[in-house]
K.L.:
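Here's a structure for you.
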Number of protein chains: 4
Amino acid sequence: MNATPNPELRSQRSRRAILDAALELAVRDGYARVTVDAIAAAAGVGKQTIYRWWPGKASVLLEALNDRTGPARDVPNSGDLGRDLTSGTQAVVRLLDSGLGTVWRALVAEAQTDPGLAEELRASFFEPRMQRWQARLDAAVATGELRADAPTRTMVEHLFGPIYYRLLLGTAPLDPADTAHVEYFLNGVRSPDCP
Amino acid sequence: MNATPNPELRSQRSRRAILDAALELAVRDGYARVTVDAIAAAAGVGKQTIYRWWPGKASVLLEALNDRTGPARDVPNSGDLGRDLTSGTQAVVRLLDSGLGTVWRALVAEAQTDPGLAEELRASFFEPRMQRWQARLDAAVATGELRADAPTRTMVEHLFGPIYYRLLLGTAPLDPADTAHVEYFLNGVRSPDCP
Amino acid sequence: MNATPNPELRSQRSRRAILDAALELAVRDGYARVTVDAIAAAAGVGKQTIYRWWPGKASVLLEALNDRTGPARDVPNSGDLGRDLTSGTQAVVRLLDSGLGTVWRALVAEAQTDPGLAEELRASFFEPRMQRWQARLDAAVATGELRADAPTRTMVEHLFGPIYYRLLLGTAPLDPADTAHVEYFLNGVRSPDCP
Amino acid sequence: MNATPNPELRSQRSRRAILDAALELAVRDGYARVTVDAIAAAAGVGKQTIYRWWPGKASVLLEALNDRTGPARDVPNSGDLGRDLTSGTQAVVRLLDSGLGTVWRALVAEAQTDPGLAEELRASFFEPRMQRWQARLDAAVATGELRADAPTRTMVEHLFGPIYYRLLLGTAPLDPADTAHVEYFLNGVRSPDCP
DNA sequence: TTGTAAACGAGACGGTACGTCCTGTCTTTTA
DNA sequence: TAAAAGACAGGACGTACCGTCTCGTTTACAA
C-alpha cells in the first residue's frame, strides 16, 4: 500500500516519544532487553509507527544516540596539535565510558551482521567525525607541524583504533587518562626536528 | 539433574561433526542465519548434545574457529622488530580478511552483549596472543631496541587497534599492505637515536 | 465532533463509487480479502468518507448488494400456490448461486458475531422479503388453498430454511431444480383433500 | 524444518489444556474476543504448540466442541418416526440454544470464508450426523412408513434446514417446542394413507 | 555375557520477539 | 464543511529460534 510514507506528515511528537523511550529503555535495561513492542508501549505509539520510519530497533537507537549526542562538533583547534588530539580522544573515551557507551557497543555489534545498519552507522556517525579530524590533521600538515606526506585519512583510524579496541574487545577498562598512543602516534608522523 | 556431564564419556565424533558443521554453515550462510537447530541437523546430532557442552552457538563457533586457526603460534622474532611487527600484523589482517573474518566479526559482536562469551573470547583468543606479543616487545626492550619505559602491554593494543577499528567499524577495507601505523608506532617508542 | 454528518451534503458520486468498488473487489478477491483501505483506494475516496457513512465494510457491502439486487419485488401470485413457491424459491437459489452468493454468505457469516450487522441484515433484507411471502401464504389461506390454522410466519422459514442450510453448511451444491421440499411442505399444510 | 510433527509424541496434556481453555474462553468472552495468544496463555502452552497441531483458533474450537459434544450418537429409533424426528430435532435445538450455540454459530460463520474449515466442519460434524439420520429415514422406508421413493438424503436437509435458518439468520429465537416443520415434512413424505 | 548408567539422536515443548496486517480515529490540506 | 489523503494507536496474526524437557537407543565399562 504505502510504499513510502510522506515525511512532511510525520508526527514529530511520536518521533520524539519513540527516541526518548528507546534510549531510556536501552540505558535502563540494556540494549538486548529492549524490544520494539516495549518501545512502542513506553512511547504510547503503535508498533507500525516505528516500522514505518525505521527498519528496526537498532536504527531507532542509532538515531536516538545521534540525536542525543548532537551533530559532529568542531574538533578542537588550539594551534597545538598534541593538546587537541589528547583532548579530542579523551572526549570520545568519556562518551563511550558513559551509560550510553553500552548502547553504543551493542549498536556497533549489531552492525556486524546488518550491512544496512553498518552503512547507516558509518554515514551518520563515523564519516562526519572522521572527516573533521582529517581536516584538523590536514591543517597541521599545512602549518608544517606534520610531515607533508602524512596519510591523514588513515591516521584518524590509527588515532581512534586503540580506543575502540579496548571498548569492543574488553582487554582493559577505558581510561581517559591513557592517551599514550597519541604521543607515539605524533612522534611517528611529526616533521623531523631532531637535528 | 545433569549438573555436569562426564567429559570422559563425551563423543569425539559428535564434537567434530558439530564444530565442522557449525563453521561450514556460518561461512556459507552467514553467522546470523545459523541456528542451533541447523547445526544439530547438519551434524546429525541431537540439539541437547550441543547444549550439553556449549552455552550456545556463539561458543560453538568460537571453539570451531580456535580449533581451525590452531593455538596461538609463536610471534615472529627475527631480531628485527619492525619486520616482525609488520609480518605479524599482516598475518592478522589476512586471517580477518578471509572467509572466517566475517564469522569472527559476528562473534566479537555477540560478545558485546554476552559477558560470558566476551570473557571466553578474551581468555581463549586475545589474552594468549597479546601475551606473546607483549613478550616480543619486552624482548625488544631488553635488547635496547625499545625505550626502557615502554608500556609493552598497552602497546599491543595500539598495534592491533587500528586493524580492528577498520574491521569492526567498516571505515575502509582491510588491506595487508597498509601497515603505516606500525611505522609511526615504532618511531614513537623506539629508543631515541637522533643525535 | 462529527455527531451526525448532514446527508443532504453527501456526495452521491462518492457513494456510488464506494458501492461499486466494494462489490467488484468482493466478487473478484473474495470478501475476506477486501479491506476498507482497498475499497477507498479503488473508489478514489478517502477512508474517512466510508467510515462517515457506514460502520464498516460489511455494511457497505450489504448496501451494495441490496442496491444491486433492487428492492424486494412482489412475490409471484399466479393463483397456483405450488407454482409460485417453486418459482420463488428457484429465484432465490439462482441469486445465491451467482457470484454475489459468495459475498452474501460472507455477510451472513459476519452477522453471526456482529449484532448490529445482524439487525441491519434482518431489517433491510430478510424481514421485507419474509413479509411478502407471508402475505402470499395468507392469501392462500384466504382462498382456502391452505389450512386455516397454517402458521404462515414460521412457514416462510420452513420454505427457505433448506436452501440456506445447503448454502451455509455446504452439504450439497445448490440446485435450482431441487425443490422437493416445496412439495412436501405443501402436502403438509394444504387443506385436506383426500376424501 | 519439521514439516509434519509426529503425532505419537504429542502431549495429550497440552491437547486437553488447549481444548478446555479454548472452549472456556469462547463461552465466557465470545468467539471473536478469543485469540490464539489468549488460548495459549490460559492453557499454559506455547503458541507454537497450537499452530503445530491446528491451523488456527477455529479448528481448535471445532475440535473442542466435537470433543465436548461427543461422537455422533445414535439417532432415536423408537419405531415411531414422528416421535423420533421430534425428539431428535429438539435435541439439536437445545444444543444450539445453549452457551455452546454461540460458539457454534461463529464457527459456521468462519467456515463461510475458510474452505478448509468448511470441509473440516462438514466432515467431522455434519456428515456423520446426516448419515445417521438418513439411515433412520431409510429404515422408515423399509418399514413402509415412508414412501418408497423418498429422497432420504436431501430430506435430512429439509428437516434441519429451518432450525439453522433461525439460528443463523436470526429471524426468530430458537424454540425447542416449535417443531411444526417436522409435522408438515412428515405429511409430505409419508406413505399415502388417506383412503 | 550381561547389567547399568551415561551420553546420544530425535523432536515436542513453553516461551519471547519479530515484522506484517488491518481496523477505526485523527489530522492536514483542498475544493 | 464534506471530501481526499494518509499517518496514527492499537492489537492479532503467524513465523522463527531459543533453551529445556522428555523419549527410546546406543555405547562403554563393571560384574
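Computed over heavy atoms, backbone and side chain alike; hydrogens, waters and symmetry mates excluded. Throughout, protein chains are lettered first and strands after them, A, B, ... in sequence-line order, and every chain is numbered starting at 1.
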K.L.:
Out of F:dA7, E:dT23, F:dA2, which has the shortest distance to the side chain of C:Asn6?
P.N.:
F:dA2
K.L.:
B:Ile18 has an atom CD1; how far is it from atom P of E:dA7, in whole Å?
P.N.:
14 Å
K.L.:
May I ask you to check whether B:Glu110 and B:Tyr31 show a side-chain donor-acceptor distance below 3.5 Å?
P.N.:
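There is such a pair between these side chains.
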K.L.:
Can a salt bridge be assigned to the pair A:Asp20 and A:Arg15 using a cut-off of 4.0 Å between side-chain N and carboxylate O?
P.N.:
no
K.L.:
So, taking the atom named NZ in C:Lys57 and the one named CG in C:Asp37, what distance separates them when rounded to the nearest 0.5 Å?
P.N.:
11.0 Å
K.L.:
Report the distance from atom CG of D:Asp37 to atom C1' of E:dG14, rounded to the nearest whole Å.
P.N.:
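In whole Å, E:dG14 C1' and D:Asp37 CG are 13 Å from each other.
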K.L.:
So, is B:Trp53 close to the E:dC8 phosphate, meaning a side-chain N or O under 4.0 Å from OP1 or OP2?
P.N.:
yes
K.L.:
Heavy-atom nearest nucleotide on DNA chain E for D:Gly46 versus C:Val34: which residue maps closer to 5'?
P.N.:
D:Gly46
K.L.:
Within the structure, does a side-chain N or O atom of B:Ser14 lie under 4.0 Å from either OP1 or OP2 of E:dA7?
P.N.:
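No.
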K.L.:
Assuming nearest nucleotide by heavy-atom distance, tell me which of D:Arg10 and B:Ala43 is located more 5' along DNA chain E.
P.N.:
B:Ala43
K.L.:
Side-chain N or O of C:Thr35 less than 4.0 angstrom from OP1 or OP2 on E:dC21?
P.N.:
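No, outside the criterion.
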K.L.:
Please confirm whether any donor atom in the side chain of C:Gln48 sits under 3.5 Å from an acceptor in the base of E:dC26, or the reverse.
P.N.:
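Per atom types, the contact qualifies.
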K.L.:
It should be established whether B:Thr49 places a side-chain nitrogen or oxygen under 4.0 Å from OP1 or OP2 of nucleotide E:dG9.
P.N.:
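For E:dG9, OP1/OP2 do have a side-chain N/O of B:Thr49 under 4.0 Å.
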K.L.:
I want to check one thing: is the phosphate of F:dA2, taken as OP1 and OP2, less than 4.0 Å away from some side-chain N or O of C:Arg52?
P.N.:
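Checking F:dA2 against C:Arg52, no side-chain N or O comes under 4.0 Å of OP1 or OP2.
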K.L.:
Distance check needed: F:dA16 C1' versus B:Asp29 CG, whole Å only.
P.N.:
15 Å
K.L.:
Could you state the interatomic distance from CH2 (D:Trp53) to CD1 (D:Ile18), rounded to the nearest 0.5 Å?
P.N.:
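If we round to the nearest 0.5 Å, D:Trp53:CH2 and D:Ile18:CD1 are 10.5 Å apart.
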K.L.:
From C:Leu62 CG over to C:Leu117 CG, what is the distance, rounded to the nearest 0.5 angstrom?
P.N.:
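One finds 6.5 Å between CG of C:Leu62 and CG of C:Leu117.
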K.L.:
Between C:Ser11 and B:Gly56, which has a closest nucleotide on DNA chain F that is more 5'?
P.N.:
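Result of the comparison: C:Ser11.
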K.L.:
Any donor-acceptor pair under 3.5 Å joining the side chain of D:Lys47 to the base of F:dG14?
P.N.:
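Looking at the base of F:dG14, it does pair with a donor or acceptor on the side chain of D:Lys47 (distance under 3.5 Å).
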